[in-house]
Amino acid sequence: MAARYDAIGRTYTATRQTDPRIAARIWAALGDARTVINVGAGTGSYEPSDREVTAVEPSAVMIAQRAPDAAPAVQATAEDLPFVDDSFDAAMAVLTLHHWSDWRAGCAELRRVARDRVVVFSWDPTYRGRMWLADDYFETLSWTDVASFPSLAEQAETLGAEVEVVPIPWDCRDGFFSAFWRRPEAYLDPAVRAGISTMARREDELAEGLARLRADLESGEWARRHADLLDLEEMDLGYRLLVWRA
C-alpha cells in the first residue's frame, strides 16, 4: 500500500475531500470517544477536529500532504499498529481495508487497540454492477481494487460489527470511484482519475472507454440511458459503515 500510494497519491488532495454528510455518519458512529486512531489515514479526510486523533498511514507521500494543523501521523501499517492494547477509545478506517495486505489482521489490530468502538467505512462488492461506469465503458478491464474487497458478510463477521447503509449524495465532495454517479463528465478529468486508485495511472487501458463516454455525453446518449438517475439526490451504491461496539 505504501509503495502504491507513493506512486499514485501525489495529487490526492485535489479531488479527495471530506464530504460532510458521510463525515456526519462516521462521527456519529464514533459516539462519545475522545481518543481516536485513524488507520490508513491518508491526507486526513474525515478526522474529527473535536477529538484527539492519532493518524496511521504507511505512505510518506500521503503524510506529506496532510494539513499543518492535522492530527499527528505515525508511519505504520494496519496489520502492525505500534500501540499497546486499548490505547484509544475508538478506531476508524475509511475506504482503506481493501488495500491492506492482510485485511483480517488489520481488523484484529483495530479491535486490539480500541477500547469501545471500531468504525469502518467500506464497500459491499456485490454492488459492482450497480454503478454504470465499469459495466458501460470498461467492461473488459480487470478492477484489482474491486476484487480486493472481501464480502460484506466477511467484513462484518471479522469485526463483529453491525452494518449501516451510507447512500452517496449526487454532489459528493469526496472523489472516490462511485462519487460522480450523476456527474459523468467528471470521469473525463485526468485529475479526478488520478485520485481514484482503481483508475490512476491506467490511461492507455482507459482510453477507449473514455472516448465512448465522451461521445455518449456529447450525443446525449448517456442522459437518455440514465435518465432515471438525473432527479435522484442520493443513491445506494454499496457503501457501508461497519460499527463494532464493546
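In this structure, CG in D19 is found 10.5 Å from CD in Q17, a value given to the nearest 0.5 Å. The line from CG of L110 to OG1 of T158 is 11.5 Å long, rounded to the nearest 0.5 Å. The line from CZ of R193 to CZ of F177 is 12.5 Å long, rounded to the nearest 0.5 Å. Summarising the geometry, atom CD belonging to Q155 is positioned 10.0 Å from atom CZ belonging to R104; distances are rounded to the nearest 0.5 Å. R66 contributes atom CZ, which lies 4.0 Å from atom CD of E47 (distance to the nearest 0.5 angstrom). The CG atom of D85 lies 8.5 Å from the CD atom of E109; values are rounded to the nearest 0.5 Å.
Of the possible polar contacts, none joining the R21 side chain to the V166 backbone as a donor-acceptor pair under 3.5 Å is found. Without hydrogens or angle criteria, E79 side chain to D102 main chain gives a donor-acceptor distance under 3.5 Å. Without hydrogens or angle criteria, E234 side chain to P167 main chain gives no donor-acceptor distance under 3.5 Å. In this structure, the side chain of R25 does not engage the main chain of E164 through any donor-acceptor pair within 3.5 Å.
Heavy-atom minimum distance, A194 versus A200: O-CB, 3.8 Å. Here the closest non-hydrogen pair linking T15 and G195 is OG1-CA, 3.8 Å. In plain terms, the two heavy atoms of A93 and T96 that are nearest each other are CB-CG2, 3.6 Å. Residue F180 comes nearest to A186 through the heavy atom pair CD2-CB, 3.4 Å, listed as atom of the first residue, atom of the second, then distance. Of all heavy-atom pairs between N38 and S45, the closest is ND2-O, 4.2 Å. T54 approaches F88 most closely through the heavy-atom pair OG1-CE2, 3.6 Å.
The cationic group of R240 lies under 6.0 Å from the six-membered ring centre of Y127 and within 45° of the ring axis, placing it in a cation-pi geometry.
Between P125 and H98 there is no side-chain heavy-atom pair separated by less than 4.5 Å. Counting only heavy atoms from C-beta outward, the side chains of T126 and S151 never approach each other to under 4.5 Å. Looking at heavy atoms from C-beta onward, C107 lies out of side-chain contact with V118 at the 4.5 angstrom threshold. Contact annotation: the side chain of W170 never approaches that of L232 to less than 4.5 Å [non-hydrogen atoms, C-beta and beyond]. At least one side-chain heavy atom of R112 sits under 4.5 Å from a side-chain heavy atom of L81.
Ion pairing between R130 and D124 fails under the 4.0 Å rule for side-chain N and carboxylate O. Note on R128 versus D135: salt bridge recorded, some NZ/NE/NH1/NH2 to OD/OE distance being below 4.0 Å. Salt bridge E139/R212: present, at least one basic N to carboxylate O contact under 4.0 Å.
W132 has its ring centre less than 6.0 Å from the ring centre of Y187.
Between F176 and Y239, the ring planes are tilted. Angles from 30° to 60° get that label.
Between D89 and the options R117, R115, R245, R51, a salt bridge (Lys or Arg N to Asp or Glu O under 4.0 Å) holds for only R115. The side chain to side chain donor-acceptor pair (under 3.5 Å) test with D216 singles out one residue from R225, R224, H226, and that residue is R225.
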Check against side chain to side chain contact (heavy atoms under 4.5 Å, CB included), W100 and T77: CA-CA 8 Å; W100 301 346; T77 64; over 6 Å; no
Side chain to side chain contact (heavy atoms under 4.5 Å, CB included) between L133 and W181, worked out: CA-CA 8 Å; L133 181 64; W181 58 270; over 6 Å; no
Trace of the side chain to side chain contact (heavy atoms under 4.5 Å, CB included) decision for S178 with M235: CA-CA 10 Å; S178 299; M235 189 172 181; over 6 Å; no
Criterion side chain to side chain contact (heavy atoms under 4.5 Å, CB included) on D136 and L213, from CA distance to verdict: CA-CA 9 Å; D136 285 5; L213 174 58; over 6 Å; no
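At most 12 heavy atoms of other shown residues, nucleotides or ligands fall within 6.0 angstrom of atom CG in D32. Summarising the local packing, CD of E154 is surrounded by more than 12 heavy atoms from other residues, nucleotides or ligands at distances under 6.0 Å.
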